[in-house]
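What follows is a short report on a single structure.
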Amino acid sequence: MEPTTELDARFSAENATPTPWAQARDQLQRAGTYWLSTVRPDGRPHVTTLLAVWRDDAIYFCTGAEEQKGKNLEANRNVALTTGASSLSEGLDLVVEGVAERVTDPGDLKRLAAAWEAKYGADWHFEVGDGVFVNVAGGPALVFKVAPAKVLGFRKGDYSQTRWRFR
């Protein structure tokens with residue numbers, strides 16, 4: 001899935017060029033932590049850090065149904081997932097916007113559980129239960145897929161803002 005790539009000159013240095021999608025996608029695959037932004041039923045924002053896996057042109061995360069983000073997703077599935085570096089002078093910050101859809105297919109969950117463990121190690125081993133991940137220490141976790149509608153990239157150092165739009 002190749003997105004449309006646009007440089008936003010309003011927020012970019014004079015000679016900036018758009019960041020290639022392949023570079024952004026690679027960073028989404030490699031990142032260790034992400035920040036998930038959801039909206040509470042009363043409209044207030046909620047942001048929390050979590051682990052995620054980029055696979056098959058989408059980003060996946062999990063949460064307990066009783067966690068705040070799980071409750072928020074019951075009412076509003078629009079989310080933003082962010083990753084990047086805290087440095088002001090180098091790196092690339094990324095924001096993935098889309099709709100979080102539940103993943104319940106046992107085969108998909110098994111593949112995702114294997115991807116979690118491959119990326120994060122044995123401490124993040126999940127079994128697959130009835131439409132959920134099961135972790136002995138944390139109980140059942142709902143798994144969500146976010147196919148990006150839009151991704152924003154903020155390059156630091158040689159400042160640029162790139163927007164990738166997906167169909």
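The residues of the chain are indexed from 1 along the displayed sequence. None of these values were measured; they are calculated from a predicted model.
- In the hydrophobic cluster analysis, where Ile, Leu, Val, Met, Phe, Trp and Tyr join through side-chain heavy atoms closer than 4.5 angstrom, Phe166 is grouped together with Leu94.
- In this structure, the side chain of Lys119 does not engage the main chain of Leu51 through any donor-acceptor pair within 3.5 Å.
- Side chains of Thr63 and Leu50 form no contact here, defined as non-hydrogen atoms less than 4.5 Å apart.
- Residue Gly32 comes nearest to Tyr120 through the heavy atom pair O-OH, 2.9 Å, listed as atom of the first residue, atom of the second, then distance.
- Minimum interatomic distance between Ala52 and Ile59 (heavy atoms only, all atoms of both residues): CB-CG1, 3.9 Å.
- Every residue two or more places apart in sequence or in another chain was checked for a side chain to side chain donor-acceptor pair (under 3.5 Å) with Asp158, and none qualifies.
- Remark: Arg44 engages Asp42 in a salt bridge, criterion side-chain N to carboxylate O under 4.0 Å.
- Using a 4.5 Å cut-off on side-chain heavy atoms (C-beta onward), Ser160 and Thr19 make contact.
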inquiry  = Applying side chain to side chain contact (heavy atoms under 4.5 Å, CB included) to Ser89 and Lys156, what does each step give before you reach the verdict?
reply    = CA-CA 5 Å; Ser89 60; Lys156 295 177 276 184; over 6 Å; no
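- In this structure, Ser12 contributes its side chain and Thr17 its backbone to no donor-acceptor pair below 3.5 Å.
- Taking every heavy atom of both residues into account, Val103 and Lys145 meet most closely at CG2-CB, 3.7 Å.
- No side-chain heavy atom of Asp8 sits under 4.5 Å from any side-chain heavy atom of Glu6.
- A side-chain donor-acceptor contact under 3.5 Å links Arg102 to the backbone of Gly131.
- One distance of note links CD of Glu101 with OH of Tyr60; it measures 11.0 Å at 0.5 Å rounding.
- Looking at Gln161 and Arg155, their side chains never come closer than 4.5 Å, going by heavy atoms from C-beta outward.
- Taking the salt bridge (Lys or Arg N to Asp or Glu O under 4.0 Å) definition, one finds that Arg30 meets it with Asp26, sequence neighbours left out.
- Rounded to the nearest 0.5 Å, atoms OG1 (Thr48) and CD (Glu67) are 7.5 Å apart.
- Looking at every heavy atom in both residues, Thr83 comes nearest to Ala31 through OG1-CB, 3.3 Å.
- Taking CG of Leu36 as the reference point, atom OG1 of Thr49 lies at 9.5 Å (rounded to 0.5 Å).
- The one candidate from Val128, Asp130, Val134 that meets the side-chain contact (heavy atoms from CB on, under 4.5 Å) condition with Val132 is Val134.
- Trp124 contributes atom CH2, which lies 7.5 Å from atom SG of Cys62 (distance to the nearest 0.5 angstrom).
- Contacts of Asp105 classified as salt bridge (Lys or Arg N to Asp or Glu O under 4.0 Å), with partners at least two apart in sequence or in another chain: none.
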Donor-acceptor list for residues 70-80 side chains, cut-off 3.5 Å, not counting sequence neighbours:
from  : atom 1 : to    : atom 2 : distance (Å)
Asn72 : OD1    : Gln68 : NE2    : 2.7
Asn72 : ND2    : Thr38 : OG1    : 2.8
Asn72 : ND2    : Gln68 : O      : 3.4
Asn76 : OD1    : Asn78 : N      : 2.9
Asn76 : OD1    : Asn78 : ND2    : 3.0
Arg77 : NE     : Leu73 : O      : 2.6

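- The CZ atom of Arg165 lies 8.5 Å from the CG atom of Leu152; values are rounded to the nearest 0.5 Å.
- From Leu81, atom CG reaches atom CH2 of Trp54 across 10.0 Å, with rounding to the nearest 0.5 Å.
- Ring pair Phe133/Phe126 is parallel by interplanar angle, where below 30° counts as parallel and above 60° as perpendicular.
- Put simply, the side chain of Tyr34 gets close to the backbone of Leu28: a donor and an acceptor are under 3.5 Å apart.
- Remark: Arg25 engages Glu2 in a salt bridge (Lys or Arg N to Asp or Glu O under 4.0 Å) (not counting sequence neighbours).
- By the ring-ring contact (aromatic ring centres under 6.0 Å, His included) test, Phe61 is found to be paired with Phe144, residues two or more places apart in sequence or in another chain being considered.
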